[in-house]
Amino acid sequence: MLTTHSIDTVVRAALDEDAPWGDLTSEMLIPADAVATAQLVAREAGVFSGGAVFAAAFRLVDPRIAVHLHVTDGAAFAAGDLLAEASGPARGILQAERIGLNFVQRMSGIAALTARYVAETAGTAARIVDTRKTTPGLRAFERQAVRDGGGHNHRFSLSDAVMAKDNHLAVLSAGGIGLTEALLAVRAKLSHTTHFEVEVDTLEQIEPVLAAGIDTIMLDNFDADSLREGVRLVAGRAIVEASGGVSLDTVRRIAESGVDVISVGALTHSVRSLDLGLDVVILTED
């Protein structure tokens, strides 16, 4: 999902926002020929994500800056670990540092939180997936971080699958057409390669939805007992996704209900960036 082009597009926009006419402070204070080495050090434990994004911030400011990553995306680290180093022209390092740090802190925070959810579901068949509740413009970065944490991705965009949620079903029902008939009409229009998912909020909706041959049924805001009953009713005829009310305190019970997928909006919409530091440790002149 992350390509050099997609990374550079987002990082360049962030750099332009941060220094639209250059870094005035560094240009006034730092000699043009000064060189520096800055170290990215973990101030708390976590899971690393965003190495290529971090490096791009420095490369786009000054291609003479060399970035060495000491850990790979998806690797766990402890407080005090050296994660990366950037060496080269000091002005460029000082201009790029905040943007590079902002991205890697957020992505590593997402990866670390995802890893906690994955650990809570160990030994079950459920996979942890993200949602479209991402920061606008940063979806590719944040979803890469979910994968680095051991999770999986839901559909990337509205263009990737048919996903009929409660608001869609409310509009359909207002037309006086039965739920099964309406969904069958949709199915008839779809390519055989297009995934079809439907959200339900009651057990009574399960059979009419399954009768339309949908691929995934989402049980929205079901309690643990209702989830188990929903899984029993589906009986392997579709992938079962649980959504709503998912937290680190509840995810284990949800996973043990037998669902196949647990979607967790909190992975991206309310995550805390990790505390990572980037400090200049060497400052000399050529």
List the steps, then state whether side-chain contact (heavy atoms from CB on, under 4.5 Å) holds for Val104 with Leu83. CA-CA 11 Å; Val104 78; Leu83 306 178; over 6 Å; no
Report all side-chain donor-acceptor pairs from residues 196-204 shorter than 3.5 Å, counting only partners two or more places apart or in another chain.
| residue | atom | partner | partner atom | Å |
| --- | --- | --- | --- | --- |
| Glu199 | OE2 | Asp166 | N | 3.1 |
| Thr202 | OG1 | Gln205 | N | 3.4 |
| Thr202 | OG1 | Gln205 | OE1 | 3.4 |

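Checked against salt bridge (charged side-chain N to carboxylate O under 4.0 Å, His left out), Asp160 has no partners two or more places apart in sequence or in another chain. For Arg59, the salt bridge (charged side-chain N to carboxylate O under 4.0 Å, His left out) partners at least two apart in sequence or on another chain are Asp8. Take Glu27 and apply the salt bridge (charged side-chain N to carboxylate O under 4.0 Å, His left out) test, not counting sequence neighbours, and it matches no residue. Qualifying side chain to side chain contact (heavy atoms under 4.5 Å, CB included) partners for Leu24, counting only residues two or more places apart in sequence or in other chains: Met28.
Under the 3.5 Å distance criterion, the side-chain polar atoms of Gln39 are left unmatched by any main-chain donor or acceptor of Leu82. Side chain of Arg64 to main chain of Pro89: no donor-acceptor pair is present (N/O by atom type, distance under 3.5 Å, no hydrogens or angles). Panel note: side chain Arg253, backbone Thr250; no donor-acceptor pair is recorded below 3.5 Å. Of the possible donor and acceptor atoms, one in the side chain of Arg143 sits under 3.5 Å from a partner among the backbone N and O of Thr131. Side chain of Asp73 to main chain of Gly51: a donor-acceptor pair is present (N/O by atom type, distance under 3.5 Å, no hydrogens or angles). No side-chain donor-acceptor contact under 3.5 Å links Thr72 to the backbone of Ala75. For Arg147 (side chain) and Asn153 (main-chain N/O), no donor-acceptor pair under 3.5 Å exists by modelled atom type. Counting only distance, with no hydrogens or angles, the side chain of Glu44 and the backbone of Asp275 share a donor-acceptor pair below 3.5 Å. At distances below 3.5 Å, not a single donor-acceptor pair connects side-chain atoms of Ser49 with backbone N or O atoms of Gly149.
Clustering of Ile, Leu, Val, Met, Phe, Trp and Tyr by side-chain heavy atoms under 4.5 Å joins Leu60 with Leu2, Ile7, Val10, Val11, Leu15, Val53, Val61, Ile99, Phe103, Met107, Leu138, Phe141. Val129 belongs to a hydrophobic cluster whose other members, connected by ILVMFWY side-chain contacts under 4.5 Å either directly or through intermediates, are Ile239, Val261. As a member of the Ile/Leu/Val/Met/Phe/Trp/Tyr network built from side-chain separations under 4.5 Å, Met218 groups with Met163. In the hydrophobic clustering, Leu184 connects to no other residue, as no ILVMFWY side-chain heavy atoms lie under 4.5 Å from its own.
A continuous path of ILVMFWY side-chain contacts below 4.5 Å connects Val231 to Leu210, so both sit in one hydrophobic cluster. Residues Val264 and Val118 are members of one and the same hydrophobic cluster, defined by side-chain heavy-atom contacts under 4.5 angstrom among Ile, Leu, Val, Met, Phe, Trp and Tyr.
Nearest heavy-atom pair, Leu227 versus Ala242, reported as atom, atom and distance to 0.1 Å: CD2-CB, 4.0 Å. Smallest separation of non-hydrogen atoms from Ala115 and Val47: CB-CG2, 4.0 Å.
Between atom CZ of residue Phe77 and atom OG of residue Ser108 there is a gap of 5.0 Å, rounded to the nearest 0.5 Å.
Pairs passing the ring-ring contact (aromatic ring centres under 6.0 Å, His included) check and including a residue from residues 2-32, sequence neighbours excluded, do not occur. Sequence neighbours left out, the pairs with a member in residues 259-270 that pass side-chain hydrogen bond (donor to acceptor under 3.5 Å, both in side chains) are Glu241-Ser263, Ser243-Ser263. Here side-chain hydrogen bond (donor to acceptor under 3.5 Å, both in side chains) pairs that include residues 181-190, with residues two or more places apart or in two chains, are Arg187-Asp215.
Side-chain polar atoms of Ser6 and Thr3 form a donor-acceptor pair below 3.5 angstrom.
With a 6.0 Å radius and a threshold of 12 heavy atoms from other residues, nucleotides or ligands, Arg127 has its CZ atom at or below the threshold.
Of the residues Asp148, Leu274, Val271, the one that meets the side-chain contact (heavy atoms from CB on, under 4.5 Å) test with Ile110 is Val271.
The shortest distance between side-chain heavy atoms of Gln95 and Ser26 does not fall below 4.5 Å.
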